[in-house]
Enquirer: 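The structure that follows is given in the form of structure tokens.
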Amino acid sequence: MTEHAIALTINGTLYRATVEPRLSLVDFIRDVAGLTGTHVGCEHGVCGACTVTVDGAAVRGCLMFAVQAEGLAVETVEGLTEANGALSPLQDAFIEAHAMQCGYCTPGMLLSARELLADNPDPTEAEIRDAIAGNLCRCTGYGQIVEAIQLAAARLRQGAPA
Amino acid sequence: MSQMNFPTFKYIGRKRRVKEDRRFVMGKGRFVADIVPAGTLHVALVASPHPAARIVRIDVKAAEALPGVVKAFAGADIKADMNSMQHGVDAPNIDWRPLAVDRVRYAGEWVCAVVATSRAIAEDAAELVVVDYETTPFVIDPEEAYRPGSALVHPAHGSNILFEREFVWGPVADDFARADAVERYQVYWGRSSTVPIETFGVTARWNPGDETLDVWASVQMPKYQEQIAGALRLPANAVRVHFDVDVGGSYGVKRGLKQAVLTGSLARKLSRPVRLIEDRLDNMTGGDAHGPDRRFDVELAYANDGRVLSMKLRALDDCGCYPGRSPLQLGKPVGAIVGPYTIGSVAYHAISVATNKTSQVAVRGFGQAPTNYALETGIDRIARKLGIDPVEMRLRNLIPSNAFPYRIPSGSDYDSGDYQTVVKLALEKASYASLIAERDRLRSEGRIAGIGMITCLEPGGGNSAFEPLFNPKNDTTTWMEGCTVKVDLSGAIVCLMGTTTAGQGHESLVSLVVGETLEREPDGIRVIRSDSMSAVPSNSPVASRMAIMLGGAATKAAEIIRDKLIAIAAHNLGAEPSALAYADGDVSVADDPSRRMTWSELVTIAHRKFHLLPPGMDPGLQATNVMEVPLGGTLPTADGVVQMYPCYAFETHIALVEIDGETGKTTIRDYTIGHDCGVVINPDIVRGMIFGGVAHGIGAALMEEFAYDAASGQLLAGSFMDYVMPSAHETPTVKLVEYCTPSPHTSHGQKGAGEAGYLGAPACIACAVNDALAPLGKAAMQLPMRPSALEALIADARGLT
């Protein structure tokens, strides 16, 4: 299979690699870049566990090829934490509300929530549910995830640094 | 969540962040796919397309010729190196191997494993494997499988019956004779499961130097290392299962035995680490994915005042191909066979049959949720016949709060409860009168709305007594759990647990009970999940048991350390231990607090100053407790009476639903739960369990099914497009009221909560749907209640068919 040289940034770091065109973006993130915070759930675009943002838009890492991300800026869960280890208000709110159990869907859920809050600082519960409806969670029943996003939104509106 | 009637503790029961959460929000969880030892090889699987066939020929030449492929293995290639995996029932002639040998017995059964340097190459090669089959008769319908003359899934076993027993507990015939009436009905619990977002995965590494096998697995399986070792003909002290793997959800299903035996066998043959990370299709068609699939025939004998006197229950469970421990899922309900009710006698005919379907595995509640659904359906049917309100119907049958401990006909003592108070609190929380008004308002507009109200129990911390109950050759009477607590020279505390964790918050649990006992800040206590060689015994987080059993063992180990600190202080202060007071780790003379020794001084003595230790005391500060199940330890009687669970949590669910008359889609408009699991150790963990259990229950009630095509024997739901699960849209905000009747049998009064929500939600939603359909003269008697099924009933009622 013909391989292609690509370059993209993940969390601000430039990655160059030669990959098969069939390599999915999530496999690139995990296996080439070595960032294992992004998880693989169904590999057919339903569960949302592999959600990352590409140029600010939440996408499913299993439905995009790495070669399609050539020149684009990808952000993963690892990018939410400050270099000094400080958590973002969204991550902190997820802990405060215990918005997870096994933690497997959590990175994708955080990225979907982040996209929502970037566009809509004061979402209603219905808007929150709509924003995370593409991310399946089998542990929590979503209640504490909705609470966490509401909490993060309130703190961000009060001026917590995003 | 405020909890009423709650005892006061220093740390337990208070809002506290969950220890595990930080690593997960950082993307620093350590899941099995994240663990890749140097030189790891990857497996892809070739699966059977037929529900039953003889394997005529397997040709792997083209596959092995592909660059990057190391080798391809068929079942016959690895059979000689291993024993059959073991079942939980007496079925010695059902040979169970990771890869099929000679025959395939379900569509999706693994036939060949291709090992390559990458998963992509292994998948490419798997497509080049050629298998010739000669199809044979198969059976998909479990009633047909049960009848003589059916095609046999395992001819060597002689029939498709994996387990069958008729229990009679109490004067069933007399109670039926004196009843005013009998309600007879059939209900069907569809083949659903918990379907974690992470599939199962395992990496095995053979270490030729010391002849040990390392296993990293996304697993929740009791006695895993012993089972792997037994199948691979290794001593169990040659298998090291690493428990420090974060499991991406399980809720019972991640059994992982054949996968570990397969990769362990390949790793040993190849002397390379080998890993199998199931893709979603592997998982749903051939992995550990399917749950109970159960037909119930029920007869309830009742008096005209609504009291249910006796029950006859026939449960036929479709186990799929290989039994494993799955038939035992008919056994857990024995420990709560009458639910929270005063039903005085029971006849229980439990049948597990094999069919040519993917094997069933354990699912949250281990068979209790289907049984609760069957019983609650009947309670509502009687209420409707007698014109009694469903709530009043329950109140007339609930065990009174002054009757505990309460022995049920099958032999278990319920520990404690105040069901009436929980119901009262939940009705208030739900504003029950307004719910009824809202339902009636909707109906007055011509809409289809209904209310469900159910009550049920969550047995917790079981002693696995269903093993001897279901297999006379098995005399297991303990389901122990262990924990080690260590205090180092600096005074820092480390606790060791011996099993994996899948989101239940075990590290938080252990740190809280140890912190409570030693009066040390729980956030500073480190809890590690060791490995199977260094851990004390565990039976894994099954059966809503860890708060009871791991919490109990950790508490007892901490108590040993506290007693040792008090003994050291007594020796150095010249006082009797009974005259001392322990507070925050310091020990003082109760009558003279100026005479005291600090935590730091006492810890230092234990670690460095042997001359200050009481005579005969060993140095150091470490303790281990391995705890037997409270009330456990006895075998069943010949007629099947046995104490099964020490603790019984109670829950009541109240829901208002509306069914779209055009599409048949059910929407949950309001949902309330009253819950009592005794003392809550971490409130956020418990409410998360409840909310998550309700979501699972909504799926089982309305959406999820591993449906089969009976004619072809093919699974129709092999992806998330076909196996539909609740999203944030379908899952309502749940109102919760928490009450506390402490268990007298546990360290702090706690009961189990890991199966909460799920045990009652399917029953509640089914009752609500049937309340909605009742004015149309219709009843839905099988789960899941899909829109298509409900739409057909509604159309029929409206004369549109």
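In what follows, chains carry the letters A, B, and so on, assigned in the order in which the sequence lines appear, proteins first and then strands, with residues in each chain numbered from 1. FYI, side chains are in, hydrogens and waters are out, and symmetry mates aren't considered; it's all heavy atoms of this structure.
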Enquirer: So do B:T733 and A:V146 actually touch side chain to side chain, heavy atoms under 4.5 Å?
Expert: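 Result no, sub-4.5 Å side-chain heavy-atom pair not found.
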Enquirer: Answer whether the closest heavy-atom distance between the side chains of A:H44 and B:M721 falls below 4.5 Å.
Expert: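 Yes; the side chains approach each other to less than 4.5 Å.
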Enquirer: Does anything in residues 56-66 of chain A reach chain B? List residues with heavy atoms under 4.5 Å apart, or say none.
Expert: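 From residues 56-66 of chain A, none sit under 4.5 Å of chain B.
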Enquirer: Does any N or O in the side chain of A:H39 come within less than 3.5 Å of the main-chain N or O of B:E198, such that one atom is a donor and the other an acceptor?
Expert: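 It does not hold such a pair.
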Enquirer: Taking all heavy atoms of A:A133 and all of B:S727, pick out the closest pair and write down the distance.
Expert: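 Smallest heavy-atom distance, with atoms named: O-CB, 3.5 Å.
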Enquirer: In terms of heavy-atom proximity below 4.5 Å to chain B, should A:L87 be classed as side chain, backbone, both, or neither?
Expert: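 The side chain, not the backbone.
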Enquirer: Sort by residue number and list every member of residues 69-79 of chain A having a non-hydrogen atom under 4.5 Å from chain B.
Expert: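 A:V77, A:E78 fall under the 4.5 Å cut-off.
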Enquirer: For atom NZ of B:K735, is the number of surrounding heavy atoms from other residues, nucleotides or ligands below 6.0 Å larger than 12?
Expert: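 More than 12 within 6.0 Å, yes.
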Enquirer: Once you round to the nearest 0.5 Å, how far does CE of B:M26 lie from OG of A:S88?
Expert: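 The CE atom of B:M26 sits 10.0 Å away from the OG atom of A:S88.
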Enquirer: Of the backbone (N, CA, C, O) and the side chain (C-beta and beyond), which part of A:Y104 lies under 4.5 Å from a heavy atom of chain B, both, or neither?
Expert: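 Interface part for A:Y104: both.
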Enquirer: Please flag which part of A:D27 lies under 4.5 Å from any non-hydrogen atom of chain B: side chain, backbone, both or neither.
Expert: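 Contact with chain B is absent: no heavy atom of A:D27 under 4.5 Å.
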Enquirer: Looking at B:R17 and A:D92, is any side-chain nitrogen of the basic one under 4.0 Å from a carboxylate oxygen of the acidic one?
Expert: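 Answer for the salt bridge query: yes.
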Enquirer: Find the one option among B:E704, B:M284, B:R23 whose heavy-atom pairs under 4.5 Å with chain A are most numerous.
Expert: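 Of B:E704, B:M284, B:R23, B:E704 has the most heavy-atom pairs under 4.5 Å with chain A.
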Enquirer: Could you have a look at B:G699, B:A120, B:G688, B:G757 and say which one has the most heavy-atom pairs with chain A under 4.5 angstrom?
Expert: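 So the answer, after comparing B:G699, B:A120, B:G688, B:G757, is B:G688.
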Enquirer: Quick check: closest heavy atoms across A:H98 and B:D684, and the distance to 0.1 Å?
Expert: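 Closest approach of A:H98 to B:D684: CD2-O, 3.4 Å.
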Enquirer: Enter the distance from A:T106:OG1 to B:F24:CZ here, rounded to the nearest 0.5 Å.
Expert: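 If we round to the nearest 0.5 Å, A:T106:OG1 and B:F24:CZ are 7.5 Å apart.
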Enquirer: When you compare the side chain of B:V25 with that of A:F94, does any pair of heavy atoms fall below 4.5 Å?
Expert: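 A side-chain contact exists here, since the closest heavy-atom pair is under 4.5 Å.
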Enquirer: If we define contacts as heavy-atom pairs under 4.5 Å, which of A:Q144, A:Q91, A:M100 has the most with chain B?
Expert: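 Ranked by contacts with chain B, first place is A:Q144.
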Enquirer: For B:R669, look at atom CZ and say whether over 12 heavy atoms of other residues, nucleotides or ligands are found less than 6.0 Å away.
Expert: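 It does: B:R669 CZ has more than 12 such atoms within range.
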Enquirer: Is any NZ, NE, NH1 or NH2 atom of the basic residue among B:R119 and A:D31 found under 4.0 Å from an Asp or Glu carboxylate oxygen of the other?
Expert: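 Here B:R119 does not pair with A:D31 in a salt bridge, since their nearest N and O are not under 4.0 Å apart.
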Enquirer: Does any heavy atom of chain A fall under 4.5 Å from the side chain of B:V36, the backbone, both, or neither of them?
Expert: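 Neither part; nothing is under 4.5 Å.
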Enquirer: Is there a salt bridge (charged side-chain N to carboxylate O under 4.0 Å, His left out) between B:D124 and A:R22? Walk through the geometry before answering.
Expert: CA-CA 12 Å; B:D124 289 344; A:R22 66 176 176 173; 2.8 Å; yes
Enquirer: Just give me the residue among A:L90, A:V46, A:V40, A:I95 that pairs up with chain B most often, heavy atom to heavy atom, under 4.5 Å.
Expert: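 Looking at each of A:L90, A:V46, A:V40, A:I95 in turn, A:I95 comes out on top.
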Enquirer: Give a yes or no on whether a salt bridge exists between A:R30 and B:D34, defined as a side-chain N under 4.0 angstrom from a carboxylate O.
Expert: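 Salt bridge flag = yes for B:D34 with A:R30.
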Enquirer: Might you point out which heavy atoms bring B:F720 and A:C42 nearest each other, and give the distance in Å?
Expert: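 Reported closest heavy-atom pair: CD1-CB, 3.6 Å.
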Enquirer: Write out, in numerical order, the residues from residues 244-254 of chain B with a heavy atom short of 4.5 Å from a heavy atom in chain A.
Expert: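 Residues in range: B:V247, B:G248, B:G249, B:Y251.
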Enquirer: Relative to chain A, which segment of B:F31 carries a heavy atom at a distance below 4.5 Å: side chain, backbone, both, or neither?
Expert: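 It is the side chain, since no backbone atom gets that close.
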Enquirer: Give, as side chain, backbone, both or neither, the part of A:T81 having an atom under 4.5 angstrom from any heavy atom of chain B.
Expert: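 Answer is side chain: those atoms of A:T81 sit under 4.5 Å from chain B.
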Enquirer: To the nearest 0.5 angstrom, please state how far the CG atom of A:L136 sits from the OG1 atom of B:T731.
Expert: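 Between A:L136 CG and B:T731 OG1, I get 9.5 Å after rounding to 0.5 Å.
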Enquirer: Shorter than 4.5 Å, heavy atoms on both sides: which option in B:G505, B:G693, B:S719, B:P196 has the most such pairs with chain A?
Expert: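 Answer, by heavy-atom pair count under 4.5 Å with chain A: B:S719.
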Enquirer: Can you see which heavy atom on B:I197 is nearest to which on A:A49, and at what distance?
Expert: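 For B:I197 versus A:A49, the nearest heavy atoms are CG2-CB, 3.8 Å.
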Enquirer: Given that the side chain runs from C-beta out, which part of B:P726 has a heavy atom under 4.5 Å from chain A: side chain, backbone, both or neither?
Expert: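 Contact with chain A: backbone and side chain both.
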Enquirer: What part of A:L110 gets closer than 4.5 Å to chain B, counting heavy atoms only: side chain, backbone, both or neither?
Expert: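 The side chain, not the backbone.
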Enquirer: Are side-chain heavy atoms of A:E96 and B:K15 found at a separation under 4.5 Å?
Expert: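 Yes, at least one pair of side-chain atoms sits under 4.5 Å.
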Enquirer: Heavy atom to heavy atom, less than 4.5 Å: which residues from residues 119-131 of chain A reach chain B?
Expert: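 Listed by number, the contacting residues are A:E125, A:R129, A:D130.
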Enquirer: Examine distances only and state if a side-chain atom of A:R138 and a backbone atom of B:H696 form a donor-acceptor pair shorter than 3.5 Å.
Expert: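 Side chain of A:R138 to backbone of B:H696, a donor-acceptor pair under 3.5 Å: no, none is there.
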Enquirer: Which bit of B:I685 is near chain A, if near means a heavy-atom gap under 4.5 Å: side chain, backbone, both or neither?
Expert: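 Both parts, heavy atoms under 4.5 Å.
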Enquirer: Determine the option with the most heavy-atom pairs under 4.5 angstrom with chain A, choosing from B:G503, B:G692, B:A728.
Expert: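 Most heavy-atom pairs within the cutoff with chain A belong to B:A728.
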